[in-house]
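Order of the sequence lines fixes the chain letters, A, B, ..., with proteins taken first and strands second; residue numbering starts at 1 for each chain.
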Protein chains: 2
Amino acid sequence: MLTERQRMIMTAIVDDYIRSAEPVGSRSISKRGDIAFSPATIRNEMSDLEEMGYLEQPHTSAGRIPSNKGYRYYVDHLVKYGTLSGHELNVMKVFFAEKIQEMEQIFQQIASVLSHLTNYTSIVLGPEVFSATLKHLQIIPLDEQSGVAIIVTNTGHVENKVIRFPEGITAADIEKTVHILNAKLKNVPLLQLRARLYNEISEELTRYVNGCEELVKALETAIDTDEQDRIYMSGTTNMLIQPEFKDVDKLKHLLDLLGETPTIARLLTSIPEGIQVRIGTENSLDAIADCSLITASYSLGGQNLGTIGILGPTRMDYARVLSLLDHLSKDMAVLLGRWYK
Amino acid sequence: MLTERQRMIMTAIVDDYIRSAEPVGSRSISKRGDIAFSPATIRNEMSDLEEMGYLEQPHTSAGRIPSNKGYRYYVDHLVKYGTLSGHELNVMKVFFAEKIQEMEQIFQQIASVLSHLTNYTSIVLGPEVFSATLKHLQIIPLDEQSGVAIIVTNTGHVENKVIRFPEGITAADIEKTVHILNAKLKNVPLLQLRARLYNEISEELTRYVNGCEELVKALETAIDTDEQDRIYMSGTTNMLIQPEFKDVDKLKHLLDLLGETPTIARLLTSIPEGIQVRIGTENSLDAIADCSLITASYSLGGQNLGTIGILGPTRMDYARVLSLLDHLSKDMAVLLGRWYK
DNA sequence: GGTTAGCACTCATTAGAGAGGAGTGCTAAC
DNA sequence: GTTAGCACTCCTCTCTAATGAGTGCTAACC
């Protein structure tokens, strides 16, 4: 579609604009050395590129900036993954060498490393709890009417919820129920837990225990954990230093959105595996219409576990972020493999 | 110290400045009606008040604004608690009528109500877990080398931590240890748990179980929960709309600080009971040198549990926030009483 | 035909000048 | 003790002109 020269010019414009945040003029490209044409020639090409929708002009006498379509073309055809700098590798090495105590720490730290290295906002989607299997289920009574339901997975993750006991159920009933459930449900994937609770189990239970339907219903709420617990974020305040968010209103919208963990969780879970770049309005959330979201899924043993991502202005350093995410998502497999042992 | 007229003028200046965020001139005060003196007279008084350090002047030909000392005097001697508006009462009524499922929800919601009613940032310090007593302690093995230690309190709070088993300990040993610990430690306040673990218990345990010292040490880390889990915050982005934070650098510092939950936790736990106002540099944190922190502790049955607070610019509506916090902290006692039943 | 030099034109940005106005401090009169 | 009057300060706003980066177009060049 585009000639080689147009591709070179396009690359130059995107690169320059990413660096400077200023519209790029024909003369500055001509002076770069790698494109040995006069400003007039480049102007003609730029005019064509604008007509095709890859560039736009803030006003008649300004340089050009990439349009969303332009960024898309750049990401799809032009960007070259860079190699990581010594500093970057070092920061990651230090991080991966650290002794990790808790699962959650890994993801919080990954997010922290990402935002520090990029000066953008990082979002990490931790592994789905549901891919884990049930290790142990327990109800610990607090008083006559209520107790804490606790679910432990094989990964060491603990979910807990205060539940209210149904009327007239005895402590012995509860104990019996839990005992039966444990025997039946051990090592069952959490994902299937709900279905199993309803189909097989509850039928059998009613034979032994009075009023256990209510109890099972209460238990169900405990496994119904929120997706938002999987979200780890870091560097949200880095948005402040981006010139595209000088406007306080726009900034507030953005930060408010980032505070809505459930929305962010929904956004990240809806993204397919692999490395993905969503530019501007491709995200269909108004608040991040000026942002790009780059994500990379990480996996273990072929199974997709979660996603790490960077949210920055559309004018973000795609090359660097892409190579960083690529590298880090692969390292995570190693790290998690070590953890799960 | 101050004459009645000076106090009136002081009140007028603070009130006006809180409303307008603009330096207050002598003429505008004279026109208010409640102070029937000419601008010249008021100018003389203002000059005296400035000399005493209660007012300052951004530049020679501007009006006066309250100094930190001025705000301090205002808060200590001049402010009158307002009565809450119908709207405010209504929002709170709706909130308190809501069915609360989990303890944590209460505090998150209180924070949310506070920030929405005030348009400032709210911070809630939840009750100290340590004031609760141990209901149940358990170790659920994940594999040969590790397991999850779970602690349930009488309030339904659950703490959990992955621990590594000491070398050579058997499943039976672990079970025995947990059994002994439960018998010994049930209903012990968490605060005393650590001491009891070391003094009485571990001595007795060594008689029965091999290598249990290591296990106890691992358990200890589980009760060592972070203060930061007690912090609930809402409305941090409200800082953006305050004119005192037009400066992006200052704003970033502030938001970064608010993201450091441990620091915030330390700040709030260091504040004495009752209603407290900390103005500007009284907080000794650079990032909130232009902010005031108003806090009110809440209690249940005479025992202090935690704190609710509002962080806003020093130019904040003290009267409204004070009466709101006063009211809400008292309501919380009722709410928590109902919860603990 | 592709490339380039030249030139007129556009328009955001900046600096400077001047007017306006809010507010003060001081003095003198009430 | 209070107030009117007045000179003075200094911020803010607006207007203007200059600057300059960048464009589009045309005509010449290879």
How would you list all residue pairs meeting ring-ring contact (aromatic ring centres under 6.0 Å, His included) that involve residues 53-75 of chain B, not counting sequence neighbours?
B:Tyr54-B:Tyr73, B:Tyr71-B:Tyr318, B:Tyr73-B:His77

Note: B:Asn68 and B:Gly280 closest approach over all heavy atoms is ND2-CA, 3.9 Å

Taking 4.0 angstrom as the limit, do A:Arg72 and A:Asp76 come out as a salt bridge?
yes

So, with a heavy-atom separation below 4.0 Å from DNA chain C, the residues of residues 46-65 of chain B are B:Met46, B:Gln57, B:Thr60, B:Ser61, B:Ala62, B:Gly63, B:Arg64

For the backbone of A:Gly235 and the side chain of A:Thr121, can you confirm whether one donor and one acceptor N or O come within less than 3.5 Å of each other?
yes

Between which nucleotides of DNA chain D, read 5' to 3', does contact with chain B run, using atoms under 4.0 Å from its heavy atoms?
D:dT2 to D:dC11

Within the side chain of B:Ser122, is there an N or O that forms a donor-acceptor pair under 3.5 Å with the backbone of B:Ala111?
yes

Quick check: closest heavy atoms across A:Gln57 and A:Gly63, and the distance to 0.1 Å?
CG-O, 3.5 Å

Give a yes or no answer on whether the side chain of B:Ser323 reaches the backbone of B:Thr83 with a donor-acceptor pair at less than 3.5 Å.
no

Determine all donor-acceptor pairs shorter than 3.5 Å in which one atom belongs to a side chain in residues 239-249 of chain A; sequence neighbours excluded.
residue	atom	partner	partner atom	Å
A:Gln242	OE1	A:Arg315	NH2	3.1
A:Glu244	OE1	A:Arg315	NE	3.2
A:Glu244	OE2	A:Arg315	NE	3.2
A:Glu244	OE2	A:Arg315	NH2	2.8
A:Asp247	OD1	A:Asp249	N	3.3

Looking only at heavy atoms, what is the nearest atom pair of A:Pro58 and A:Ala62, with distance?
CD-CB, 4.1 Å

Would you write the dot-bracket representation of DNA chain C, where each base gets (, ), [, ], | or . depending on whether it forms a Watson-Crick or G-U pair under 3.5 Å and with which partner?
||||||||||||||||||||||||||||||

What are the residues of residues 14-38 of chain B, sorted by number, that bring a heavy atom to within less than 4.0 Å of DNA chain C?
B:Gly25, B:Ser26

Exercise: identify the closest heavy-atom pair between B:Glu45 and B:Thr3:
OE2-OG1, 4.4 Å

Between B:Asp256 and A:Thr237, do the side chains contain an N or O donor and an N or O acceptor separated by less than 3.5 Å?
yes

Between C1' of C:dG2 and CG of A:Asn44, the distance in whole Å:
10 Å

Please check: side-chain N/O of B:Ser297 versus main-chain N/O of B:Gly274, any donor-acceptor pairing under 3.5 Å?
yes

